[in-house]
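Every chain is numbered from 1, with letters handed out A, B, ... down the list of sequences.
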There are 2 protein chains.
Amino acid sequence: MSAELPKERAPSIRDVARLAGVSHQTVSRVLNDHPSIRDSTKARILQAMEELQYRPNQAARALSKGRSRTIGVLTASSTQYGPARSVAAIEDTARRQGYFVDTANLSVADPAAIEDALEHLLDQAVEGLIIIAPQERVFDVLERMSIEVPYVSLQSTGNHDLRALAEDQILGAKMATRHLVDLGHREIVHIAGPQDWTEAEARMQGFLLEIDDAELMTHPPILGDWTADFGYFAGQELLRSRDFSAVFAANDEMALGLLHALHDAGLDIPGDVSVVGFDDIPVSSHTWPPLTTVHQDFEGIGRRAFASLLGAMGTIVDFPTGPTAPCLVARDSSGPVPVSRLPLLKRY
Amino acid sequence: MSAELPKERAPSIRDVARLAGVSHQTVSRVLNDHPSIRDSTKARILQAMEELQYRPNQAARALSKGRSRTIGVLTASSTQYGPARSVAAIEDTARRQGYFVDTANLSVADPAAIEDALEHLLDQAVEGLIIIAPQERVFDVLERMSIEVPYVSLQSTGNHDLRALAEDQILGAKMATRHLVDLGHREIVHIAGPQDWTEAEARMQGFLLEIDDAELMTHPPILGDWTADFGYFAGQELLRSRDFSAVFAANDEMALGLLHALHDAGLDIPGDVSVVGFDDIPVSSHTWPPLTTVHQDFEGIGRRAFASLLGAMGTIVDFPTGPTAPCLVARDSSGPVPVSRLPLLKRY
DNA sequence: TGCTCGCATGTGCACGGTCACAATTGTGAG
DNA sequence: CTCACAATTGTGACCGTGCACATGCGAGCA
């Protein structure tokens, strides 16, 4: 904690000008590195800035240029590992490009809250929006408010060039499913994410496509809410009502809850049941047993989203946005289908 | 994605004034709800605003008032559950109070990066700073840059009125340790967090205080880095070199890694070894076995930090900041000390 | 030598609010 | 009916930068 008592105004471009013996405009030119300035003048000005600890006033700049150099990030799940990671990457990339990032977090995703959060971001005159709250409702509100700012959704609704992301999700889910099929599993069930999340849908789609490819059948996926609690609940349900030798959960948290339920029932993993998750959150390699999952490049996704937004804002993008294709990380929660599986499961 | 072609300037206070047939100043008064305005006039102006979709320009306001209504959050670990949760709470509270939040994330915590991030925030003319990067280095940089903005650290260095937080950390650690002592454990080891994190220090301190109170002895704590990977490594080390019946890990991730190592060694939890974590991250209730841990009110901490910052910024705080004392959540990873423990452990 | 041209720099205003102060209108007492 | 005084509204300057345009100056060329 600290503060200066005088509370005087910060030095302005004119203060610098006076000290350097030039006009304020010349100082401005230095700030925007205009080509034609004598080197000696420039040096003098830079020194004056240094001396006064000059710091350009963003508000004034925004006012006069009509550009805030700020983007808004609307997130509905900033406490989850993936989104948090992506947001961090967005912030990092944006900062490098001289942009500021304003975040608005949705604790509840009802329309009023969504609108409130968007209003807040718009009040800041953001030049673009990144949405990490892929519920359809958000887009409804976005539509209704007739937002005049370019926006990009991390989860891709398919309208813009982030489509690649959705494809990655499908691919990842196919890889996970294929992995189980290759291990000999024939009765595989899927615990999906919330219906209105594009990611959840893509993963489910990938699962179903692969099941179809392998000419297998499956029960309708259970629709969850991403939480470990739900995974636990789903596990209990599955044990009560279904025959299966493998489960593909749409994210690691649900997979974790599922493991818990299976353990509770005295089942061996992967002896009795194989489990595969999605995301590769940091604890996945230390669950018991360590979780087979699909690794995602959350940071790449974030960078890509920002690049895409810059594009939509009319800026040419010239920095690496390198996304990585998802890859399967086979650990110990998945294994060959047990020969003696059926009698064991029938008990439940 | 969407955009208006005309690209005309947004309506200003003067446009509203013209439409309502008043002076721009009167409009301004409505915006700042000045007391003496005729109701009829006010109504007319409000309607004009509505009609023009008027939105006050924050940049202009900031420029003329010299206040940005923005606070900066510097975080070094925004992808971890606790900090993420606190940041979300800060953002939420700030928004409710009409403040904007600018975040800068430290991917690496070297002085240059810290300085860069701080520069970025100061460029935005933030009125206050919340630091969630409690490494001492950050404060060194803060000192060196002679920041003129009030700041508050989420982890409390003891200089300001967040001291309560540190006390909570100590208390929580004491509760965890006491829990193990009460179960009959006499050889308890501690896996601590990084040395330069105030939280890690507070938890270690709580542990040592309680051990002392119980007139027990302990090995010097192992200094970790908060990650599950480290917890796993630490577990292997402990098994190789120490006798113990219980471990108190400074956070849940490390506790998780530790569980993994213990499982690998074929040990039963809590039959052979009891484990207690700290934080109560959402997956803790679904690890195997479910983890006994200390629940923290991350949101309360965030709110409290913001309130404290407002105080430092000279604003009277009049909203609930309710922090919750930490509480022990006893699950299945801790149990009575095994009678036949010593011979079993000696093997390692 | 006179004129054009490009570089380096200066002048004045606009951006969209707020503030201090002035002007106008309304109200009640004498 | 008049006047003091409060309630309401208006006027103009200013916050810090950037832009459009003007100016001064030296070089190149006929």
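At dG10(D), one or more side-chain N or O atoms of T26(B) fall inside 4.0 Å of OP1 or OP2 (strictly under the cut-off).
In this structure, the side-chain hydrogen bond (donor to acceptor under 3.5 Å, both in side chains) partners of R144(B), at least two apart in sequence or on a different chain, are E115(B).
Rounding to whole angstrom units, CZ of residue R38(B) and P of dA7(D) are separated by 13 Å. When the C1' atom of dT8(D) is taken as reference, atom CG of D39(B) falls 12 Å away, rounded to whole Å. As a whole-Å value, the separation of K42(A) NZ from dC7(C) C1' is 15 Å. Here dT8(D) presents its C1' atom at 16 Å from CG of D33(B), a figure rounded to the nearest Å.
Between R304(A) and D168(A), at least one side-chain nitrogen of the basic residue sits less than 4.0 Å from a carboxylate oxygen of the acidic one, meeting the salt-bridge criterion.
Within 6.0 Å of atom CD in E119(A), more than 12 heavy atoms from other residues, nucleotides or ligands are found, so the atom counts as buried in its surroundings. By the neighbour-count criterion of 12 heavy atoms within 6.0 Å, atom CG of D39(A) is sparsely surrounded, having that number or fewer from other residues, nucleotides or ligands.
For the residue pair S78(B) / N105(B), a side-chain donor-acceptor distance below 3.5 Å is found, with atom types taken as modelled.
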| field | Evaluation steps, salt bridge (charged side-chain N to carboxylate O under 4.0 Å, His left out), between R69(B) and E127(B) | value | CA-CA 7 Å; R69(B) 296 234 103 193; E127(B) 294 177 26; 5.4 Å; no
| remark: Under a 4.0 Å heavy-atom criterion, the protein footprint on nucleotides 13-28 of chain D, written with B, S and -, is --BBBBBB--------
